[in-house]
Amino acid sequence: MAHVLIIGAGGVGRVVTHKCVMNKETFTKITLASRRLVSCKGIADELPAGAIEIEQVDADNTAELAALIKRIKADIVINVALPYQDLTIMDACLETNTPYLDTANYEHPDEAKFEYKEQWAKHDAFKEKNLMALLGSGFDPGATNVFCAYAQKHYFDEIHTIDILDCNAGDHGYPFATNFNPEINLREVSAKGRYWENGTWIETDPMEIKMVWDYPEVGPKDSYLLYHEEMESLVKHIKGLKRIRFFMTFGQSYLTHMQCLQNVGMLGIEEVEHKGMKIVPMEFLKTLLPDPGSLGPRTKGKTNIGIVAEGLKDGKKKKIYIYQISDHEKCYAEVKSQAVSYTTGVPAVIGAKLMVEGKWKGEGVFNMEQMDPDPFMKELNAQGLPWKILELE
Ligand code: NDP
């Protein structure tokens, strides 16, 4: 049906590649390309011989990317490299008339700030070419946006509040490690918090707001308010919304390590002089920390990510909780990655599958909640991410 080009052979790229191979009636040809061929080769070696093709590409270079897309005649691009590469990959897709999908919004390498502005600015260019770009097709953003759209479609006339609740109760046995790219992860959690209420963004200090939430099959966990990118699009697309917040769980050990690292400047992204050399502290820290890809075989426990929505249906108050539970060890047994990469990679494959099958169509740049949630929710159940709904009121 389609030749898929997957860009980025990291933790999420591994899951996407394995899952595309499992969906070979849709992805009849699969090419995995990354900055280093050795990363692609590592993944290819886990799969049956000949299941995928591999290529080297520098995704910061639009001309190089466009040449690759043209040469291999890709029908769709799944971008699971880093958020820094979103714009160059989108430009290469525009140049070659190829549909685009990613899992994280653009972030400038020199500024710890992420927003959709630059990607949304490409809407008209994609529209003029009758092309679709789907943004944020991971878990959060991704499945959480679809949960909101599903709640809106089937449970509410108006949604007034949404809390997105992200719990990773996995234990990898290290005193400190990040479950995905350390630079991206630490930038996200050390930044100021932000939530949206009555039309304005309210800023908080990092980790200032905490609540305890009782996550099904996990138990009560300290959950901290963070800014997270899906809120930027959800405030535009969910009817009647008055407040949206995002909470993520952190254990005390993680927070203490992060606080120390921040206090001594190790989370800095500006260059510093060290023995006559220029180094970026955060990049050096990344070198020291365990590679997130190596956590897979050691991580035990579950993730539980979902949304709680409150609002009105037929004039009556209503509150629902939609959530998905994954087990780190089960994910590893299936695709050699822990649940954080699994829960990101599977929705990326589902988004691409729906685009290839024409079930999700559009001309321009779209966020997940703009699409019909039903086929995606069905695929989550079929592709290894079963979800549940609790009616709380
Ligand atoms: P990794 O760091 O494990 O992998 C990123 C890969 O991108 C690396 O293998 C690297 O290649 C490749 N890469 C980096 N720069 C380039 C470049 N210039 N050209 C080509 N390839 C490049 O990250 P993850 O797999 O953990 O994350 C992938 C994406 O998923 C990120 O954007 C992250 O933000 C997003 N994400 C989204 C989530 C969601 O729920 N929406 C949750 C978690 C992650 P190489 O190995 O060849 O050097």
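Hydrogens, waters and symmetry mates play no part in the numbers below; they use all other heavy atoms, side chains included. Atoms within each ligand, like the ligands themselves, are counted from 1 in listed order.
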For [Y], does its backbone N or O pair with a side-chain atom of [X] as donor and acceptor, under 3.5 Å?
| X | Y | result |
| --- | --- | --- |
| N23 | T26 | no |
| T344 | G138 | no |
| E128 | A125 | no |
| N79 | Y100 | no |

Any idea which atoms of ligand 1 are less than 4.0 Å away from a heavy-atom of [X]?
| X | value |
| --- | --- |
| D60 | 18 (N) |
| P83 | 31 (C), 32 (O), 34 (O) |
| S39 | 45 (P), 46 (O), 47 (O) |
| A59 | 17 (C), 18 (N), 19 (N), 20 (C) |
| V57 | 19 (N), 20 (C) |

*asked:* Taking the ring of W201 and the ring of Y227, is the distance between their centroids below 6.0 Å?
replied: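 Distance test on ring centres: under 6.0 Å, yes.
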*asked:* Looking at every heavy atom in both F176 and M258, which two are closest together, and how far apart are they?
replied: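 Smallest interatomic distance, heavy atoms only, reads CE1-N, 4.3 Å.
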*Using a heavy-atom cut-off of under 4.0 Å, does the side chain or the backbone of P141 touch ligand 1, or both, or neither?*
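For P141, backbone and side-chain atoms both sit under 4.0 Å from ligand 1.
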Under a 3.5 Å threshold, yes or no: a donor from one side chain and an acceptor from the other, between [X] and [Y]?
| X | Y | value |
| --- | --- | --- |
| N105 | E115 | no |
| W213 | Y321 | yes |
| T249 | Y215 | no |

Please state which protein non-hydrogen atom is closest to [atom] and give its distance, to 0.1 Å?
| atom | value |
| --- | --- |
| atom 3 (O) of ligand 1 | G11 N, 3.1 Å |
| atom 5 (C) of ligand 1 | L82 CD2, 3.8 Å |
| atom 24 (P) of ligand 1 | V12 CG2, 3.8 Å |
| atom 34 (O) of ligand 1 | A104 CB, 3.5 Å |
| atom 38 (C) of ligand 1 | T344 CG2, 3.3 Å |
| atom 26 (O) of ligand 1 | F180 CB, 3.4 Å |
| atom 1 (P) of ligand 1 | G10 CA, 4.0 Å |
| atom 11 (O) of ligand 1 | S34 OG, 2.9 Å |

*Report the distance from atom CZ of F126 to atom SG of C93, rounding to the nearest 0.5 Å.*
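Here the interatomic distance stands at 5.5 Å.
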Below 3.5 angstrom, do we get any N/O pair linking [X] and ligand 1?
| X | result |
| --- | --- |
| I7 | no |
| I184 | no |
| A9 | yes |

*Return yes when G142 approaches ligand 1 closer than 4.0 angstrom through a heavy atom, no otherwise.*
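Judged by the 4.0 Å heavy-atom criterion, G142 does not count as contacting ligand 1.
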*Is the shortest side-chain N to carboxylate O distance from K29 to D75 below 4.0 Å?*
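No, this pair does not count.
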*Classify the ring geometry between Y224 and F250 as parallel (under 30°), tilted (30 to 60°) or perpendicular (over 60°).*
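The rings of Y224 and F250 sit tilted, inter-plane angle from 30° to 60°.
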Out of [options], whose heavy atom sits nearest [atom]?
| atom | options | result |
| --- | --- | --- |
| atom 32 (O) of ligand 1 | P182, A81, G13 | A81 |
| atom 36 (N) of ligand 1 | T103, L32, T88, N181 | T103 |
| atom 14 (C) of ligand 1 | R35, Q56, E230 | R35 |

*Go through T88 and N61 one step at a time and tell me if the side chain to side chain contact (heavy atoms under 4.5 Å, CB included) criterion holds.*
CA-CA 7 Å; T88 44; N61 183 327; over 6 Å; no
